[in-house]
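Note sheet for the following structure.
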Amino acid sequence: QVRLVESGGGSVQAGGSLRLSCAASGHTFSTYAMGWFRQAPGKEREFVAAINGGGGNKYYAASVKGRFTISRDNAENTVYLQMSSLKAEDTAVYYCAAGRSAADLKHKVDVSSWGQGTQVTVSS
């Protein structure tokens with residue numbers, strides 16, 4: 001299993017931007033697909049974005065497509081989520097996840113590791 005630690009959350013006004021980072025431990029980071037999920041109070045954890053090990057395949061939830069960008073740096077064992085044009089409804093705890101494939105992560109299947117989460121608050 002890979003250990004994941006998120007950072008970069010915070011408070012921002014609507015229309016602003018934030019970049020989340022997720023640092024992974026271990027020497028096999030590039031073999032994992034990575035994803036971002038979020039959970040708002042009283043709601044289920046939902047898929048946000050996923051990227052395969054090589055970085056060539058990416059998936060996005062419809063609600064964030066065109067505003068969020070997932071990327072990874074395998075040399076730094078880090079995955080990023082660049083969030084722009086933020087809306088109040090993006091407010092949630094954001095979690096990093098590792099899995100077997102980006103397609104599986106999109107359906108929250110075969111998630112092998114979760115991070116502890118980082119809070120993102122967007123004020124309108």
Side-chain angles (χ1 to χ4, degrees):
Q1 269 193 344
V2 61
R3 183 170 177 266
L4 306 173
V5 179
E6 301 98 333
S7 61
S11 297
V12 65
Q13 289 196 334
S17 299
L18 278 176
R19 188 176 81 155
L20 305 182
S21 300
C22 173
S25 64
H27 301 287
T28 59
F29 178 70
S30 63
T31 67
Y32 287 93
M34 299 298 297
W36 288 95
F37 293 76
R38 66 187 182 187
Q39 189 166 17
K43 294 189 177 181
E44 290 190 1
R45 191 171 298 187
E46 64 174 5
F47 168 77
V48 174
I51 187 169
N52 72 334
N57 287 341
K58 302 177 184 180
Y59 297 92
Y60 295 95
S63 59
V64 306
K65 199 167 187 178
R67 299 188 298 121
F68 291 10
T69 301
I70 189 170
S71 62
R72 65 190 297 160
D73 185 337
N74 286 342
E76 296 293 329
N77 281 14
T78 302
V79 63
Y80 303 97
L81 186 68
Q82 178 67 48
M83 305 184 295
S84 303
S85 301
L86 282 161
K87 306 174 182 179
E89 51 264 43
D90 295 318
T91 295
V93 177
Y94 282 71
Y95 296 90
C96 177
R100 186 183 60 152
S101 76
D104 284 347
L105 286 176
K106 182 180 178 182
H107 299 286
K108 213 161 60 177
V109 171
D110 283 341
V111 178
S112 57
S113 298
W114 291 98
Q116 83 289 351
T118 185
Q119 177 71 47
V120 171
T121 302
V122 183
S123 56
S124 56

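Residue Leu4 comes nearest to Ser113 through the heavy atom pair CD1-O, 3.7 Å, listed as atom of the first residue, atom of the second, then distance. Across all their heavy atoms, Ala33 and Ser101 have their closest contact at CB-C, 3.3 Å.
Between Leu20 and Val120 there is a side-chain heavy-atom pair separated by less than 4.5 Å.
Pairs of residues two or more places apart, or lying in two chains, that qualify as salt bridge (charged side-chain N to carboxylate O under 4.0 Å, His left out) and include a residue from residues 96-121 are Arg100-Asp104, Arg100-Asp110. Evaluation of the disulfide bond (SG atoms under 2.5 Å apart) test over residues 39-80, restricted to residues two or more places apart or in two chains, returns none. The ring-ring contact (aromatic ring centres under 6.0 Å, His included) contacts involving residues 68-118 comprise Phe37-Trp114, where partners must be two or more places apart or lie in separate chains. For residues 24-63, there are no disulfide bond (SG atoms under 2.5 Å apart) pairs, not counting sequence neighbours. Counting only residues at least two apart or in different chains, disulfide bond (SG atoms under 2.5 Å apart) contacts with residues 5-124 comprise Cys22-Cys96.
Checked against Trp36 for a side chain to side chain contact (heavy atoms under 4.5 Å, CB included), the options Val64, Ile70, Leu105 give a single hit: Ile70.
Contacts of Asp73 classified as salt bridge (Lys or Arg N to Asp or Glu O under 4.0 Å), with partners at least two apart in sequence or in another chain: none. Considering only residues two or more places apart in sequence or on other chains, Arg67 meets the salt bridge (Lys or Arg N to Asp or Glu O under 4.0 Å) condition with Asp90. Scored by the side chain to side chain contact (heavy atoms under 4.5 Å, CB included) test, Ser30 finds Asn74 as partners (sequence neighbours excluded). Taking Gln116 as the reference, Val5, Glu6 meet the side chain to side chain contact (heavy atoms under 4.5 Å, CB included) condition, with sequence neighbours excluded. With sequence neighbours excluded, the residues satisfying side chain to side chain donor-acceptor pair (under 3.5 Å) with Thr121 are Gln119.
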Could you give the side-chain donor-acceptor pairs of residues 8-19 under 3.5 Å, partners two or more places apart or in another chain?
none

Side-chain polar contacts of residues 40-47 - donor-acceptor pairs under 3.5 angstrom, sequence neighbours left out - could you list them?
residue, atom, partner, partner atom, Å
Arg45, NE, Gln39, OE1, 3.4
Glu46, OE2, Arg38, NE, 2.6
Glu46, OE2, Arg38, NH2, 3.2

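Interatomic distance, Leu81 CG to Met34 CE, rounded to the nearest 0.5 Å: 11.5 Å. Going from atom OG of Ser21 over to atom CD of Gln82 covers 9.5 Å, rounded to the nearest 0.5 Å. Atom NZ of Lys58 is separated from atom CG of Asn52 by 9.5 Å, given to the nearest 0.5 angstrom.
Val111 is not connected to Val2 by any chain of hydrophobic side-chain contacts under 4.5 Å among Ile, Leu, Val, Met, Phe, Trp and Tyr, and they are in different clusters. Hydrophobic clustering (ILVMFWY, side-chain heavy atoms < 4.5 Å, transitive): Val79 and Tyr59 are in distinct clusters.
Formation of a donor-acceptor pair under 3.5 Å by the Ser112 side chain with backbone atoms of Gln1 is not found in this model. Although no hydrogens or angles enter the test, the distance criterion places no donor-acceptor pair under 3.5 Å between the side chain of Asn77 and the main chain of Phe29.
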